*Asks:* 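Encoded as structure tokens, here's the structure I'll be asking about.
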Amino acid sequence: MAAQTMEQLVSLCKRRGFIFPGSAVYGGLQGTYDYGPLGVELKNNLKLAWWRANVWEREDMEGIDAAILMNKLTWRYSGHEETFVDPMVDCKNCKMRWRADQISGKCPNCASTELTEPRPFNLMFKTQIGPVPDPESFSYLRPETAQGIFVNFKHVLDSTSRKLPFGIAQIGKAFRNEITPRNFIFRVREFEQMEIEFFVRPGEDEGWHKKWVEDRINWWLSVGLSRQNLEPYHQKPEELAHYAKATVDLLYRFPHGLEELEGIANRTDYDLGSHSKDQGALGLKARVSPNSHSTDKLTWFDPETKQHVVPFVIEPSAGVDRGVLALLSEAYAEEQVKPAPVDRLKPVEEALGTFLKSVGRNEKLPAQAKEALLAEGERIAHALGERLPSIAGLLSMPGAESIEVAKKLRGQVDPVVDEFYRTVLHFKPHLAPIKVAVLPLKKNHPEIVSTAKSIRRKLQSSGAMRIVYDDTGAIGKLYRRQDEIGTPFCITVDFDTLGEGKDAALANTVTVRHRDSMAQERVAISELETYLREKMQSGA
Ligand code: GAP
């Protein structure tokens, strides 16, 4: 089961510290999000998995980390200054601004059809360079990391003696002044990309393009996305970016719909050719603007043919934030631990009905918030037995806190959820923000607590994984809290561990509880590190 609605994810992410709206204390900044304590772990794990697979485990790849600020000429010759634009319209009635190709002639805010003619809007953020605000002292925040790779092509080639085919990989921030940021972290103004520029001989590009599409699908499967949620889409000629000869998008079934997660483009010799001097002598296949500023020829000297070659480029370009969203969505499940009896569901059903009536009657709620609350409330009410945990998400949606009966509904729901349900993130272990939680059965028993803390310290000192200690609730509640953030293993220290239980043979052992199956087994403390390492490697 994956997330059914974006609200489920937004609510969990905020509640448990994965992702927060940016600049919230000042009313927010549209199109920005901040990663919290668990979000940064998840994001770092995703980036590390990508780097490991694409740089460490390949023999034909180098990595770089280029500056975000680049000479503004980069953006002239890359074509972004002229072509990185969206057609945009303003609503004459409510003054909102929209992308013309996304609204079919009607303002989504006020439904007016009084719109301006579409005008081009450059998506790059302009920024001043240096202390003097002179009109020439500016550059842009990079809208893609790729250009940092192209302008370093010769540096990497000369410092590593690479031969074609080889690639350069980079992970870094990119910025786009999106007209309509939306769908949580799906479309934002500041995001991260994981990009590869793979340089091949002209003529070998189509074969490599095909191969990279397969590789990238397999990699997304290896981090836990399921094949039925991934769809390759071959862009039509009129959809191609200015630099591309062909592009295959990998679409993912996000809660808001099937949309792009990664693009794999055949950029031909456009970029290296565009940034080169002496273009006329290079036999370029792509049409590029004449470059009068470049100081170098971005070519590879082929020792066999004794000729300078401008490589073609295959570019797999994935969004880190969209990757995080896909992982969260795929991993999310609301599960019944045991069936809730009818007499426990009935009061929740009534409280939910009262809440929805109250939302419907409320005249102060903005129309959009009211509509969203009613839609999500009705979705839950339709199959209350299955969807009851989603009420936590419903109650954290905009406007819910202003409904008087919200508190009563929460009071009815929380004890039933605690007893009969769990929300769980079924992350692959290597992506889980926390790998192991060490829990004392009793937090007021000094020996249990000190044993648990020393196990945590010892496991943590191995350096291989993030381990936490938690004693902030009863054991059942602690398991649920770890399930909700996707921790694959919980270790419980109890009286048996101390040799004070019924079975003396269990002394110096702990309970290891598995997130997905909820199965429990006893493991000797002395074997824990090896046990966990093996489980982690096998992905269990
Ligand atoms: N260098 C090629 C390039 O930038 P793109 O299709 O414009 O191509 C690549 O972007 C990836 O970056 C997308 O597939 C998406 O995952 C991510 N991306 C693009 N714009 C984004 C935005 N506004 N918010 C979040 N991710 C974005």
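Both ligands and their constituent atoms are indexed starting at 1 by order of listing. Here the structure is a predicted model, which means the values were calculated and not measured.
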*Asks:* Would you call L261 a ligand 1 contact, heavy-atom distance under 4.0 Å?
*Replies:*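 The answer is yes, since L261 has a heavy atom less than 4.0 Å from ligand 1.
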*Asks:* Where's the contact between E262 and ligand 1, heavy-atom distance under 4.0 Å: side chain, backbone, both or neither?
*Replies:*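 Contact part for E262 vs ligand 1: backbone (N, CA, C, O).
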*Asks:* What part of R267 sits under 4.0 Å from ligand 1 if we count only heavy atoms: the side chain, the backbone, both or neither?
*Replies:*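 Under 4.0 Å from ligand 1, R267 contributes side-chain atoms alone.
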*Asks:* Taking side-chain contact (heavy atoms from CB on, under 4.5 Å) as the test, write out the residues that go with K95, two or more places apart.
*Replies:*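 side-chain contact (heavy atoms from CB on, under 4.5 Å) check on K95 returns nothing, list empty.
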*Asks:* Can you report which non-hydrogen protein atom sits closest to atom 24 (N) of ligand 1, along with the distance?
*Replies:*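 For this ligand atom, the closest protein heavy atom is V188 N, 3.0 Å.
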*Asks:* Can you find a side-chain donor-acceptor pair between S390 and Q8 that sits under 3.5 Å?
*Replies:*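 Yes, because at least one side-chain N or O of S390 sits under 3.5 Å from a partner of the opposite role on Q8.
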*Asks:* For E59, check salt bridge (charged side-chain N to carboxylate O under 4.0 Å, His left out) against everything at least two apart and list the hits.
*Replies:*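 E59: no salt bridge (charged side-chain N to carboxylate O under 4.0 Å, His left out) contacts found.
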*Asks:* For the 3.5 Å polar cut-off, considering only N or O atoms, please tell me whether E315 and ligand 1 meet it.
*Replies:*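 Such a contact does occur with ligand 1.
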*Asks:* In the protein, what heavy atom is nearest to atom 18 (N) of ligand 1, and what distance, to one decimal place, separates them?
*Replies:*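 Result: F191 CE1, 3.5 Å.
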*Asks:* Tell me which protein heavy atom sits closest to atom 19 (C) of ligand 1, plus the residue, atom name and distance to 0.1 Å.
*Replies:*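 Scanning the protein heavy atoms, the shortest distance from atom 19 (C) of ligand 1 goes to R176 NH1, 3.5 Å.
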*Asks:* Where is the nearest protein heavy atom to atom 9 (C) of ligand 1: which residue, which atom, and how far?
*Replies:*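 Closest protein heavy atom to atom 9 (C) of ligand 1: S317 OG, 3.0 Å.
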*Asks:* Q147 near ligand 1, heavy-atom distance under 4.0 Å?
*Replies:*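 Q147 does not count as a contact of ligand 1 under the 4.0 Å cut-off.
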*Asks:* Should E195 be counted as touching ligand 1, given the test is an N or O pair under 3.5 Å?
*Replies:*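 Yes; at least one N/O pair falls below 3.5 Å.
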*Asks:* Of the protein's non-hydrogen atoms, which lies at the shortest distance from atom 15 (C) of ligand 1, and what is that distance?
*Replies:*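 Atom 15 (C) of ligand 1 sits closest to the protein heavy atom R322 NH1, 3.5 Å.
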*Asks:* Indicate yes or no: does an N/O atom of I185 lie under 3.5 Å from an N/O atom of ligand 1?
*Replies:*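 No; every N/O pair is 3.5 Å or more apart.
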*Asks:* Using modelled atom types and a 3.5 Å cut-off, is there a donor and acceptor pairing between side-chain atoms of E62 and backbone atoms of T160?
*Replies:*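 The answer is no, because no donor-acceptor pair under 3.5 Å joins these two groups.
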*Asks:* Answer yes if the side chains of N266 and E206 hold a donor-acceptor pair under 3.5 Å, and no otherwise.
*Replies:*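 E206 and N266 do not have a side-chain donor-acceptor pair below 3.5 Å.
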*Asks:* Which bit of Y243 gets closer than 4.0 Å to ligand 1, counting heavy atoms only: side chain, backbone, both or neither?
*Replies:*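 Answer for Y243: side chain.
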*Asks:* Please indicate whether any nitrogen or oxygen in P143 is less than 3.5 Å from any nitrogen or oxygen in ligand 1.
*Replies:*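 No, there is no polar N/O contact under 3.5 Å.
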